[in-house]
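Read the structure below first, then the notes.
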Amino acid sequence: QKMAWNIKGILAVAGGFCFHFTIGSVYVFGGITTYLASYFHLGQGDHYGTERMLLLFLPIRGAVMTVTMPIGARMERKWGSTPLMILSAVVFMATTIPLIWVKNTFGFIFLFAVAFGASNGFGYVTALSCAWKHFPESKGKCSGIILCAFALGSFLLTFICEAIVNPNDKPATLYPNGEYYFESSEVYDNVPMMWVYLNIIWGVLLVLACVFCRDPTPQEAEAKREESMTAEKERADSHVSTDFLIGKDETKEEDEGGIPDVFTGLKHIHFWYLTLMYTFGLFMDYFFAMTYKSLGDEYHYSDLFLSTVGSIYNLMNALFRIVWGFLYERFAFKTLYLIVTIGTCALAATLPAVGMFGATFLIWVDGCVLFISANFPLFPPLCSKMYGKLGPSMYAIATSVTNFAGILVFLGNYYLVPIVGDRAFLWIASGINATSFLMLWAIDISKWGEKKGADKYSKRDPSLEYELTQKPTAG
């Protein structure tokens, strides 16, 4: 299936791109934590201003996302995409503009967590769902293009932040508390101006997102639905049924939403299994996004070099998300995720061999992101395929659960890293990440749900294996 060339659909994808570019700026945090800690600790005299304490925003953001994401998906189904995009933009700007004047660590943590937690919750899935409505047969491509912006934002903004705050590439100093700080006020006094520039950029992008994200009209949606059902009917003759998910003829049920309601999907044991696998697969992503700079500090790399590494990391993250989105429509999910888990764990084991030279550290980080970037473009279209029109809601719930990975990374970073170091924690995160591989390949989940009294959504059905192993029709 090819992405039909229609202006409204292309603009919807562009709007989703602008929105995810904005909320993906959260990854800038990994590159500016030392600036922030220096500003609060040295500039404002806040003794809580440490990099480890600033990471507290991660579990708070996760808690906010856990609450708002299922609500946002439900509101999107009721109100449509545009109102949710406007709500997300208003919440985001209302909590990021005050960052210009914040003087203490906990005030920053609260505002930053709410800004990126609530805006993700209300708009993350909404932007994807809007594009899927215009291109129902190209969900993998749409997901890859939009989600690449989530990483691309940090690539560009990291350079901007470094140029504003530390234009002369002054080095950070290691303090007795084990934290790195920029002692010069010429560096940390520029933090408020950094927020001014970021808010201008974010404001422009969010206006474009609100203008471009428009759902198809009922007539357009009906025409696209008929095209999608025709293509699905043609494929149905050549593959096994997926009745374990829908309990009826899949062509009819797809039009009604894939499953009768969200609560039915939540009773489905395989949903929770795949969600847990998704959660384990994100440990390395959270680790790199938040701690790559402190990992590089162990090798005494300059601030400019580490900012460059972070920016290239985010650029590669963006580009590889597009690649994985396109690959999803040509290869089986299970095959792709096998490559992802093996590659991630193999690279984590090679860290001791790459630290001596900056070039090898850069290549190693880019190699890791090749595999880490696959999680986000692979799971949304999988949920959509499995649960039909309620796929965005089911994915929103799954993503809410994955926030526990971020909470555990924060706790490990705060309590465990001071004891074992960044490298040992990386290997622990890699081991947890490897659990995804074991869950996908070592356990036959099609045999689950055989107990007496199990309902039709949890009974054993080998067609689950098909959902994970089929090769989608090329886009």
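Side chains included, hydrogens not; waters and symmetry mates left out as well; all remaining heavy atoms used. Note that the numbering runs from 1 along the sequence shown for the chain. Computed from a predicted model, the values in this text were never measured in an experiment.
A centroid separation of less than 6.0 Å is found between the aromatic rings of F116 and F112. Between F17 and F212, the ring center distance fails the sub-6.0 Å criterion. Residues Y278 and Y337 keep their aromatic ring centres 6.0 Å or farther apart.
For the ring-ring contact (aromatic ring centres under 6.0 Å, His included) with F379, the qualifying choice from Y328, Y395, W324, F333 is F333, the only one to do so. Screening F182, Y181, Y180 for a ring-ring contact (aromatic ring centres under 6.0 Å, His included) with Y175, the sole residue that qualifies is Y181. S143 pairs in a side chain to side chain contact (heavy atoms under 4.5 Å, CB included) with only one of the listed residues (L382, L128, L378), which is L128.
Taking both residues in full, the closest heavy atoms of Y35 and V187 are given as CD2-CG1, 4.2 Å, listed atom of the first, atom of the second, then distance. Between L208 and C18, the shortest heavy-atom contact is CB-SG, 4.1 Å. Across all non-hydrogen atoms, the minimal contact from A172 to T34 is CB-CG2, 4.3 Å.
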Does F40 form a side chain to side chain contact (heavy atoms under 4.5 Å, CB included) with V191? I'd like the steps, not just the answer.
CA-CA 10 Å; F40 293 127; V191 168; over 6 Å; no

In sequence, state the C-alpha distance, the side-chain angles, and the governing distance for F110 and V102, and then conclude on side chain to side chain contact (heavy atoms under 4.5 Å, CB included).
CA-CA 11 Å; F110 173 78; V102 167; over 6 Å; no

How far apart are the C-alpha atoms of S373 and V323, what are their side-chain angles, what is the distance that settles it, and do they pass the side chain to side chain contact (heavy atoms under 4.5 Å, CB included) test?
CA-CA 10 Å; S373 62; V323 172; over 6 Å; no

Apply side chain to side chain contact (heavy atoms under 4.5 Å, CB included) to residues N199 and F92 and explain how you reach the verdict.
CA-CA 10 Å; N199 272 283; F92 185 89; 5.6 Å; no

Dump the intermediate steps for side chain to side chain donor-acceptor pair (under 3.5 Å) on S81 and R214, then the final yes or no.
CA-CA 6 Å; S81 300; R214 293 285 188 274; over 6 Å; no

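A heavy-atom distance below 4.5 Å is found between the side chains of N120 and F150. Using a 4.5 Å heavy-atom cutoff, the side chains of L266 and M394 are in contact. Using a 4.5 Å heavy-atom cutoff, the side chains of S184 and N166 are not in contact. Side-chain contact between C130 and D215 is present, with heavy atoms from C-beta onward closer than 4.5 Å. Side chains of S119 and V91 form no contact here, defined as non-hydrogen atoms less than 4.5 Å apart. Side chains of F122 and E76 form no contact here, defined as non-hydrogen atoms less than 4.5 Å apart. Side chains of M316 and L370 form no contact here, defined as non-hydrogen atoms less than 4.5 Å apart.
Between atom CD1 of residue I339 and atom CZ of residue F371 there is a gap of 8.0 Å, rounded to the nearest 0.5 Å. For the atom pair CD1 (I97) and CH2 (W195), the distance works out to 13.0 Å, reported to the nearest 0.5 Å. How far CG of L36 is from OG1 of T105: 9.0 Å, rounded to the nearest 0.5 Å. Interatomic distance, M85 CE to S88 OG, rounded to the nearest 0.5 Å: 6.0 Å. M69 CE to T126 OG1: the interatomic distance, rounded to the nearest 0.5 Å, is 8.5 Å. Considering CG of D46 and CG of N104, their distance stands at 6.0 Å, rounded to 0.5 Å.
S25 and W202 are linked by a side-chain donor-acceptor pair at a separation below 3.5 angstrom, with hydrogens and angles left out of the test.
By the 4.0 Å N-to-carboxylate-O rule, E179 lies close enough to R52 to be salt-bridged with it.
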